[in-house]
Each structure stands twice: as C-alpha cells, then as structure tokens.
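Take a look at the structure set out below.
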Amino acid sequence: MKQLVRMFVLVFAVSFGLIYVTSYMNSSAGYSGGNTLTVYNWGDYIDPDLIARFEEETGIKVIYQTFDSNEAMMTKIKQGGTVFDVAIPSEYAISKLKEDNLLLPIDHSLLPNLEHIDSRFMHLSFDPENAYSVPYFWGTVGIVFNPGMVGDLTFDSWDDLWDDSLRNQIMLLDGAREVMGMGLNSLGYSLNDTEEAHLQEALAKLSRLTPNVKAIVGDEIKMLMANGEAAAGLVWSGDASEIMSENEELDYVVPQEGSNLWFDNMVIPKTARNLEGAHQFINFMLDPEVAAQNTEYVGYSTPNKDALAILPEEISGDERFYPDEELTSRLEVYDNLGPRMLSHYNELFLEFKMHRK
C-alpha cells in the first residue's frame, strides 16, 4: 500500500511539474490569453518604455517576439503552433494573409484613436476598408547618397544612377520588387507592371546599370553606406534615416518618376486569444502622444497626423521622410501580384544578378 501511495504522489508531482513547465513554455512561446498579450513585430521596432507603460495602464502582460522578414512571419502564423494576438506585417504580406484567411477583422468601434490617422494612409489597395489592418509606420524607397562623391548629380531622376561617373559606386538592396520596381519606374511604368514586354525592357535597362553596381546587399548596406563605401545606394527610407544619423554628410531623395510607398500595419492573426487586449494595444499605439514617442525612438515616418503635430520640427518638417502630397501621389503600394508573377519577378532579378557576374 505504501508503495502505491508513493507512486501516486510521484505521478501527481510529475504531472503538476509538467503542467507548470508547459504553461511557462506556452507563455514564453506566445500562447497567450487571459491577462497576457503576445505581440509579433520586427526587431527594435517599438519603444520598450511604451510596452512597460501599456502593461502598467492595463494590467496586461506583453509577451514580445520578433521576426526578421515578412516571409518568416507569415510562415510562423500559417503554421498555427504559436498564438499571436497582434502582428505588424508589411502591406503585401497583409494581402497574402487575408487571401489565406489568417486574419481576424478589426472592430473599429473599439479604436477611438483611429481618428488620428491621416486619411492618405487609409483605404489603400491591400486593405481597402482597413477591415483587417491599421497603419503603424510608413516610408518610401529612394536613393541615399554622398553629395561630395557624386558631382552635380541630384538623383531627382532614377536615370542619374546610370551616369558614367558612378562606375562601381552604387549599392542596391537585395530585393526583387525594389530593384525591378526601380527599373520599371525609371521607364515610366508602374512598379506593379505585369506586361512581359515592359518587364523585359526594365531588365535590359537594369543590365546596363551593371558597371555602376558595386554590390547587392542586405542589412549591411546601412553600415557600408555610412562608412562611405559607395557614393549612392537604393534603400528604404527608414534605413536611410539610420544611415544619415551615422554619417551626416549623406542625403536622401525619392526620384520624381515615382517609387514605392510601403506600410507596416497592425493586424490581429486568426489564432489570437486575447481579442480585447489586442484592440486595447492597437488603440494605445494610435494615441498621438504614444505614436510621437514611438516615432522618435524608431525613426520611421508616422501616419498619425496628430502625432506629427507634436513632433519636433526637425522631424516633422523633414520633407525627405515626410514628402508632400504632390510626391506621395506618384508613389505606389506594392500589390500582391500572385505567386506566379512574384516568382517571375524573382527570376528576372536573379537574371540581373547573374548578369553582373
């Protein structure tokens, strides 16, 4: 009998321990609900003080996890093994997540602070009614350059990149949509163009850029440009801001032919368990004071018009990162072109990279 009792006690202790460990691991891995909220975001893309403030004001514990690409984020959400209450993908990823039925609709009645978002950044093609997403940050694709290394070139036109004086002096970010989009825009075409003749024309023009291209790189473009390793680079505006904070000699411009207008928006994945907390967090981030503090920390452009009004003039008045409506009207959001066309874009981009060799 004593052996049976000991065995029962042992089994109970082991079972209790497993339950505790499982609960702890689930919490760490993002299995949220009740009084916790799991947020899935890019690295270093929110002021940590704001997370602490949200927790203090609401009593909700935030479990913060990060990803380094939209593709990694979409794969994790699609797998469904980890619950995320709020995620912050880019516009084309939002379109894909909607298409795969992986998002929950957002209840606008629970977001009184939504009124602070500039109307220019609402009702866009990837989510026309903002039924599934709310703007977080936005930016452009353009050219960061060192005026002391480029002579009289201003890069008001994409064509300046093809100037003979820039031989082996250009860095390109390693992105098919960005590089192909640059080629298409330089010809006056949409960066969402799917007409084969236009795509081949863009590829041919990009091939002529090859002598000027020093490297096609990822995140290291920020360090390389800041260190003066090239005269000009194709970058996202947020990266340009970071590069320029490291090297004040550099400048940033969006060419007049047009470019990409990108968005990172807040969404609620389908597997979310704390819907009330998710709406509270989104509404909190839309508060003008909160959005302004977050903008100063992250360095990207805020879509919150009332946050913009309280930001320092050196931030809000910088037209390089807050272009006027005349320029933004010529910018385009990336459309979800579908897997077949996206694959074709990647093939053309690979052909361009292989041509360099």
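As the structure is a prediction and not an experimental result, all values here were calculated from the model. Positions are given from 1, in the same order as the sequence printed here. Only heavy atoms go into these numbers, but all of them, side chains included; no hydrogens, no water, no symmetry mates.
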I'd like to know if [Y] and [X] are part of one continuous hydrophobic network [Ile/Leu/Val/Met/Phe/Trp/Tyr, side-chain heavy atoms within less than 4.5 Å].
X	Y	answer
M149	V217	no
V134	L110	no
I310	F321	no

Just by modelled atom types, is the [Y] backbone N or O under 3.5 Å from a matching donor or acceptor in the [X] side chain?
X	Y	result
E296	L311	no
D335	N192	no
S259	V141	yes
N130	H123	yes
S237	T140	yes
D318	R320	yes
N212	Q169	no
S241	G238	no
K96	E91	no
D324	E326	yes

Side chains of [X] and [Y]: closer than 4.5 Å at any heavy-atom pair?
X	Y	result
F349	I216	yes
I143	Y252	no
L37	I63	no
V213	L209	yes
T82	K76	yes
V333	W262	no
D68	W42	no
V267	P89	yes

- Item | Partner residues of D156 under the side chain to side chain donor-acceptor pair (under 3.5 Å) criterion, sequence neighbours left out | T154

- Which residues satisfy the side chain to side chain donor-acceptor pair (under 3.5 Å) test with D107, sequence neighbours excluded? S109

For residues [X] and [Y], report the shortest heavy-atom separation together with the two atoms involved.
X	Y	result
N185	S190	ND2-C, 4.3 Å
G258	W158	O-NE1, 2.9 Å
T295	Y322	CG2-OH, 3.7 Å
Y136	N41	OH-ND2, 3.9 Å
P255	L327	O-CD1, 4.2 Å
A226	N247	O-ND2, 3.0 Å

Within a reach of under 6.0 Å around [atom1] of [X], are more than 12 heavy atoms found that belong to other residues, nucleotides or ligands?
X	atom1	value
E99	CD	yes
E57	CD	yes
K270	NZ	no

- Message: Any salt bridge linking D49 with R53? Criterion: basic side-chain nitrogen under 4.0 Å from a carboxylate oxygen.
- Response: no

- Item | Check ion pair D85-R273 (N to O, under 4.0 angstrom) | no

- Query: side chain to side chain contact (heavy atoms under 4.5 Å, CB included) between I46 and Y297: does it pass, once the steps are laid out?
  - Reply: CA-CA 7 Å; I46 189 171; Y297 177 85; over 6 Å; no

- May I ask you to check whether F145 and F155 place their ring centers less than 6.0 Å from one another? yes

- Task: Would you please indicate yes or no on a ring centroid separation below 6.0 angstrom for W138 and Y300?
- Result: no

- L161/I170 under side chain to side chain contact (heavy atoms under 4.5 Å, CB included): CA gap, chis, key distance, verdict: CA-CA 8 Å; L161 290 173; I170 294 173; 3.8 Å; yes

- Query: L331 and T328: side chain to side chain contact (heavy atoms under 4.5 Å, CB included), yes or no, with the steps?
  - Reply: CA-CA 5 Å; L331 305 179; T328 55; 4.2 Å; yes

Distance (rounded to the nearest 0.5 Å) between [X] [atom1] and [Y] [atom2]:
X	Y	atom1	atom2	answer
E347	L199	CD	CG	11.5 Å
Q256	R330	CD	CZ	4.5 Å
Y334	S125	OH	OG	12.5 Å
Y132	I268	OH	CD1	11.5 Å
N265	I117	CG	CD1	8.5 Å
I106	L114	CD1	CG	8.5 Å

- Query: If you look only at pairs with a residue in residues 108-134, which of them pass as a salt bridge (charged side-chain N to carboxylate O under 4.0 Å, His left out), with sequence neighbours excluded?
  - Reply: K98-D127, D118-R120

- For residues 183-209, the salt bridge (charged side-chain N to carboxylate O under 4.0 Å, His left out) pairs (sequence neighbours left out) are D159-K205

Residues 280-291, side-chain donor-acceptor partners within the protein, below 3.5 Å, at least two apart:
residue: N283; atom: OD1; partner: N113; partner atom: N; Å: 2.9
residue: D287; atom: OD2; partner: E289; partner atom: N; Å: 3.0
residue: D287; atom: OD2; partner: V290; partner atom: N; Å: 3.2

- Is the charged tip of R177 near the ring of Y345: under 6.0 Å from the six-membered ring centre and within 45° of its axis? yes

- side-chain hydrogen bond (donor to acceptor under 3.5 Å, both in side chains) between T302 and N304, intermediate numbers included: CA-CA 5 Å; T302 178; N304 191 310; 5.2 Å; no

- H198: partners by ring pair (Phe, Tyr, Trp, His ring centres under 6.0 Å), with sequence neighbours left out: Y189

- Task: Using the side chain to side chain contact (heavy atoms under 4.5 Å, CB included) rule, pick out the option among T66, N294, D264 that qualifies with Y45.
- Result: D264

- Does the side chain of T38 pick up a donor-acceptor pair with the side chain of Q65 at under 3.5 Å? no

- Task: For the pair F263 and F126, name the ring-plane relationship: parallel under 30°, tilted 30 to 60°, perpendicular over 60°.
- Result: tilted

- Task: Under the side chain to side chain contact (heavy atoms under 4.5 Å, CB included) rule, what do L153 and L166 come out as? Steps first, then yes or no, please.
- Result: CA-CA 10 Å; L153 297 175; L166 295 177; 3.8 Å; yes

